[in-house]
Asker: 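Quick one: the structure is below, and I'll ask about it shortly.
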Amino acid sequence: MMRIALVLLLVAPALAQTRPELIADPPSRPSVSLDGTWNAIVDPYESGLSSRYFENAKPKSKSDLIEYDFDRSAKLQVPGDWNTQRNSLLLYEGPMWYQRYFAVEKKPHTRLFLYFGAANYLARVWLNGMKLGEHVGGFTPFNFEVTDKILNGKNSVVVEVDNTRRPEGVPGIHTDWWNYGGLTRGVKLIEVPETFIENFKLQLARGRSDQVAGWVQLRGGGQEGAEVTMEIHRGDLLVTAQKARTDASGYTSFEFPVQLELWSPDHPQLYEVRISAAGDHLTDQIGFRTVATRGSEILLNGKPIFLRGVSMHEEAPYRGARAFSEKDDRTLLTWVKDLGANFVRLAHYPHNEDMIRLADRMGVMVWEEVPVYWELEFENPAVLENAKAQLAGAILRDQNRAAIIIWSIANETPINPVRDAVLKSLSEHARSLDSTRLISAASDKWQRMDADHMAWNDPLGEYLDVIGLNEYIGWYGDRKVEDADRIRWTFAYPKPVIVTEFGGGAQYGRHGDSETRFSEEYQANLYQHQLRMLEHMPQLAGMTPWILMDFRSPRRALAGIQDYYNRKGLISDRGQRKQAFGVLEKFYREKAQEARDAQPAK
Ligand code: GCB
């Protein structure tokens with residue numbers, strides 16, 4: 001084994017950091033899965049709270065009046081949306097009470113946390129009748145400590161999940177996707193030692209390919225002045241080992257030199273990172289790469305890269321439900337790769353953690369987004385707080401994934417001074433949590449200057465590293481598909497542009513000429529003209545057309561064609577490829593070849 005020098009690194013500055021308390025790297029923790037069958041009570045009139053469902057009470061005598069009974073209620077599978085588990089729940093929006101029992105054998109000197117991958121939208125959690133807490137936001141994980149409340153033997157957990165759309169919510173009342181409710185991702189009981197590594201970040205330092213930087217947050221009695229060891233391994237080889245010491249709040253930051261093979265879509269190299277402190281140990285598989293901009297280019301590991309992407313929702317192929325399994329994720333990302341893409345826009349909210357881990361392994365770069373979507377109550381301070389918390393939740397969960405190169409803070413929000421200030425603040429928040437990735441947002445706020453000149457001039461551009469442009473020329477509005485050939489774009493900011501959306505609807509198997517709406521021919525022709533336009537778009541650094549696969553949307557009512565599906569997919573919800581898939585694939589294969597040809601011969 002290679003000899004290594006253990007260097008004592010910077011002791012972190014005394015600055016106390018406030019970060020939401022989220023356990024990092026749950027796959028590497030001992031845990032008990034609480035997935036499976038839960039009892040569930042539908043509560044459309046919101047009587048559960050006043051009737052104290054959270055107590056999971058049973059009549060003590062035959063005269064006792066208790067008007068609910070979890071044990072005899074209907075069942076729901078977790079993880080999973082409720083909408084697709086029972087016909088009567090397809091459009092249900094409101095509270096649902098989940099309950100299940102689980103057995104625990106308590107171990108000394110350990111702490112236990114209930115960990116939820118996601119619950120859409122509001123979750124209130126009780127253990128053995130005692131309230132653990134609440135969480136707002138349908139797509140970010142959360143955990144509650146249960147060490148003092150858990151019983152040796154049988155326990156009962158009750159979760160009220162409420163997916164009511166709210167004007168002050170993030171997202172708000174209107175979206176173009178299904179409002180899947182429920183415990184949509186896994187639930188588990190995680191065990192950690194008394195003092196434990198709660199979260200950490202370990203990535204290349206901003207702009208450096210020879211320097212790793214990050215931080216570790218310990219929690220528990222011995223958190224102050226603890227020695228933290230970080231090791232990076234490649235197979236059996238120890239690449240480096242470093243030490244740092246925590247401050248009074250259990251926090252330490254560090255930076256040290258490294259020589260690593262860099263992660264890229266062509267070479268998705270992952271290293272095993274081991275972190276130890278105060279008797280606790282974590283391992284994670286981490287890739288290292290830099291991402292930056294230079295003028296209107298995006299640079300991966302210092303070299304310009306064109307992002308050949310596609311947008312997608314977190315919807316399961318073949319069964320029109322919220323995706324949650326590794327199988328769902330693999331099918332979707334395999335289709336992304338089949339398209340010749342190297343990039344995916346995970347719209348419009350953080351997708352499940354396994355999806356990002358798989359993207360790391362498969363070599364797909366990722367745009368991750370928070371659901372700051374369309375009209376929100378931007379003037380309500382709670383909206384900003386909520387959006388910030390969701391952004392922090394996503395970053396704390398995924399900050400060690402090389403695949404993620406962009407945090408997106410919004411999609412198609414209306415321009416006004418209050419919204420501008422909110423998004424400025426969100427961009428600053430994202431940068432303060434993670435300075436190593438690019439910040440972007442998708443915006444459709446462009447103006448038609450004359451017949452063929454479009455100008456993107458959203459003031460939001462000032463706060464972004466990369467501009468995201470959504471445009472639907474040839475689908476919405478009065479422009480013809482063919483007009484795209486003549487249209488010229490200008491951008492008010494000299495930054496890289498990703499066309500984050502374009503597209504049109506087509507029903508798989510529906511044929512007509514290229515002017516027939518919803519035919520495959522119309523969509524394929526639209527793609528052809530769009531690609532022609534994009535070829536001469538200045539500042540273009542990538543694209544993620546809308547969208548990989550048809551997805552459910554309550555706004556898409558056209559009978560016989562949409563049937564409550566947005567049909568802009570390149571692939572149908574049954575996995576059938578439409579003609580436009582081939583058009584984009586050909587374009588991407590050529591782009592990839594151009595990029596290979598441009599590389600100096602080895
Ligand atoms: C958009 C939205 C996206 C919609 C899409 C559409 O601009 O960002 O969420 O689904 O258009 O199909 O209209």
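The figures here come from the full heavy-atom set of this structure, side chains too, leaving out hydrogens, waters and symmetry mates. Not measured: the values here are computed from a predicted model. Order of appearance sets the numbers: ligands from 1, and atoms from 1 within every ligand.
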Asker: Describe, in one word, how the ring planes of Tyr92 and Trp82 are oriented to each other, choosing from parallel (under 30°), tilted (30 to 60°) and perpendicular (over 60°).
Answerer: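 Judged by the thresholds at 30° and 60°, the geometry between Tyr92 and Trp82 is tilted.
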Asker: Please report whether ligand 1 has a polar contact with Trp374, defined as an N or O pair separated by less than 3.5 Å (distance criterion only).
Answerer: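 For ligand 1, there is no N or O atom that lies under 3.5 Å from one belonging to Trp374.
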Asker: Number the atoms of ligand 1 from 1 as they appear, then name those within less than 4.0 Å of a heavy atom of Asn566, with their elements.
Answerer: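 With Asn566 as reference, the close atoms of ligand 1 come out as 6 (C), 10 (O), 12 (O).
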Asker: Quick test: of every protein heavy atom, which one is nearest to atom 2 (C) of ligand 1, and how far off is it to 0.1 Å?
Answerer: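 Answer, as residue, atom name and distance: Glu501 OE1, 3.2 Å.
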Asker: Give a yes/no verdict on whether any heavy atom in Asn411 is under 4.0 Å from an atom of ligand 1.
Answerer: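 True for this residue.
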Asker: Which ligand 1 atoms, with their elements, are less than 4.0 angstrom from a heavy-atom of His348?
Answerer: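 Near His348, meaning under 4.0 Å from one of its heavy atoms, ligand 1 has 3 (C), 8 (O), 9 (O).
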Asker: Below 4.0 Å from any atom of ligand 1, is there a heavy atom belonging to Arg556?
Answerer: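 Distance cut 4.0 Å: Arg556 passes for ligand 1.
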Asker: Using heavy-atom distances only, which candidate in Tyr476, Trp546, Trp475 approaches atom 13 (O) of ligand 1 most closely?
Answerer: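 Selected option, by shortest heavy-atom distance: Tyr476.
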Asker: How far is atom 12 (O) of ligand 1 from its nearest protein heavy atom, and which residue and atom name does that atom have?
Answerer: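 Here the nearest protein heavy atom works out to Lys568 NZ, 2.6 Å.
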Asker: Side chain, backbone, both or neither: which applies to Trp177 and ligand 1 if a contact is any heavy-atom pair less than 4.0 Å apart?
Answerer: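 Looking at Trp177 and ligand 1, no heavy atom falls under 4.0 Å.
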Asker: Determine, using ring centers only, whether Trp475 and Tyr522 are less than 6.0 Å apart.
Answerer: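 So the answer is yes for these two rings.
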Asker: If the plane angle is over 60° it's perpendicular, under 30° parallel, otherwise tilted; pick one for Phe551 and Trp546.
Answerer: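 Taking Trp546 first and then Phe551, their aromatic rings stand perpendicular (interplane angle over 60°).
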Asker: So which heavy atom in the protein is nearest atom 4 (C) of ligand 1, and how far is it from that ligand atom?
Answerer: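 Protein heavy atom with the smallest distance to atom 4 (C) of ligand 1: Asp176 OD2, 3.2 Å.
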Asker: Can we call the ring centroids of His313 and His351 under 6.0 Å apart?
Answerer: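 No, ring centres 6.0 Å or more apart.
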Asker: Using a strict cut-off of 4.0 Å, indicate which atoms of ligand 1 neighbour a heavy atom of Phe551.
Answerer: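 It comes down to these atoms of ligand 1: 10 (O).
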Asker: Looking at Asp550 and Arg556, is any side-chain nitrogen of the basic one under 4.0 Å from a carboxylate oxygen of the acidic one?
Answerer: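 Salt bridge between Arg556 and Asp550, a charged N being under 4.0 Å from a carboxylate O: no.
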Asker: Any salt bridge between Arg479 and Asp452, counting N to O under 4.0 Å?
Answerer: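 Asp452 and Arg479: salt-bridged.
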Asker: Please determine whether side chain to side chain contact (heavy atoms under 4.5 Å, CB included) holds for the pair Leu534 and Phe502, giving the CA-CA distance in whole Å, both sets of side-chain angles, and the decisive distance to 0.1 Å.
Answerer: CA-CA 11 Å; Leu534 298 190; Phe502 71 82; 3.7 Å; yes
Asker: Look at atom 7 (O) of ligand 1 and say which protein heavy atom is nearest, naming residue and atom and giving the distance to 0.1 Å.
Answerer: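 Its nearest protein heavy-atom neighbour is Glu412 OE2, 2.4 Å.
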Asker: Would you please determine whether Phe502 falls within less than 4.0 Å of ligand 1 on a heavy-atom basis?
Answerer: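 The answer is no, since Phe502 has no heavy atom less than 4.0 Å from ligand 1.
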Asker: Measure from the side-chain N and O atoms of Asp465 to the backbone N and O of Ile439, and report whether any donor-acceptor pair falls under 3.5 Å.
Answerer: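 The answer is yes, because a donor-acceptor pair under 3.5 Å joins these two groups.
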Asker: State the CD1-OG1 distance between Ile406 and Thr500, to the nearest 0.5 angstrom.
Answerer: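 If we round to the nearest 0.5 Å, Ile406:CD1 and Thr500:OG1 are 9.5 Å apart.
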